[in-house]
Amino acid sequence: QVALVESGGETVQAGGSLRLSCAATGITLSAYSMAWFRQAPEKAREGVAAFYSYGGGSTHYSDSVKGRFTISLDDAKNTLYLQMNNLKPEDTAMYYCAAGMGRIDLSLSRGESALDYWGKGTLVTISS
């Protein structure tokens, strides 16, 4: 049975840092494309970062987090990370990790079903 379990979310002040983790069981993350998404209250889910093991660890970021967030994969721990620095109140959201095949569309134009597996999320709250 496949499970993606996110952790690391908490309340921090603006300007602070957090590292989110996504631990996987039942799948080998390096065999998939991986991504972090977030959803703020009353807003659509949006992608923030993607990681491609088959691309030599290539990454892709949304403009809103570029230069502040870093996505990475620890193969030995089968865990995906999102290092978030210089956090802003607008980063407040539920953060989800997801796994799929091929190129990940961070805009989710084909819907959430375009990805094969989703975690249940971890809540990040940034206070001003």
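All values below come from the heavy atoms of this structure, side chains included, with hydrogens, waters and symmetry mates left out. Keep in mind it's a predicted model, so treat the numbers as computed, not measured.
Side chains of Ser72 and Leu80 form no contact here, defined as non-hydrogen atoms less than 4.5 Å apart. Residues Leu29 and Leu4 form a side-chain contact, since some pair of their non-hydrogen atoms from C-beta on lies under 4.5 Å apart. A 4.5 Å side-chain heavy-atom check between Leu82 and Phe69 finds at least one atom pair inside the cut-off. No side-chain heavy atom of Tyr54 sits less than 4.5 Å from a side-chain heavy atom of Ser30.
Hydrophobic cluster membership is shared by Ile71 and Ile27, with clusters built from Ile, Leu, Val, Met, Phe, Trp and Tyr side chains linked at under 4.5 angstrom. In terms of hydrophobic clustering, with Ile, Leu, Val, Met, Phe, Trp and Tyr side chains grouped at heavy-atom distances under 4.5 Å, Tyr52 and Phe37 are assigned to a common cluster.
Taking CE of Met34 as the reference point, atom CG of Leu73 lies at 7.5 Å (rounded to 0.5 Å). Interatomic distance, CG of Leu108 versus CD of Gln39, reported as 9.5 Å (0.5 Å rounding). Atom-to-atom distance recorded for Ser21:OG and Gln83:CD is 10.0 Å, nearest 0.5 angstrom.
Every residue meeting the side chain to side chain donor-acceptor pair (under 3.5 Å) condition with Ser17, not counting sequence neighbours, appears here in chain and number order: Asn85.
Counted within 6.0 Å of NZ on Lys77, heavy atoms from surrounding residues, nucleotides or ligands total 12 or fewer; the atom is thus considered open.
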For residues 93-106, which side-chain N or O atoms pair as donor and acceptor with protein atoms under 3.5 Å away, sequence neighbours left out?
residue	atom	partner	partner atom	Å
Tyr95	OH	Arg38	NH1	3.0
Tyr95	OH	Asp91	O	2.6
Asp105	OD1	Ser107	N	3.0
Asp105	OD1	Ser107	OG	2.5
Asp105	OD2	Ser107	OG	3.1
Asp105	OD2	Ser109	N	3.1
Asp105	OD2	Ser109	OG	2.3

N/O donor-acceptor pairs under 3.5 Å from side chains in residues 111-128, not counting sequence neighbours:
residue	atom	partner	partner atom	Å
Trp118	NE1	Glu112	O	3.0
Thr122	OG1	Gly9	N	3.0
Ser127	OG	Val12	O	3.4

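Relative to the six-membered ring of Tyr81, Arg19 meets both conditions, a distance below 6.0 Å and an angle of at most 45° to the axis.
Scanning all heavy atoms of the two residues, the minimum distance from Thr70 to Tyr61 falls at CA-OH, 3.3 Å. When all heavy atoms of Tyr32 and Thr28 are compared, the pair lying nearest together is CD1-O, 3.4 Å.
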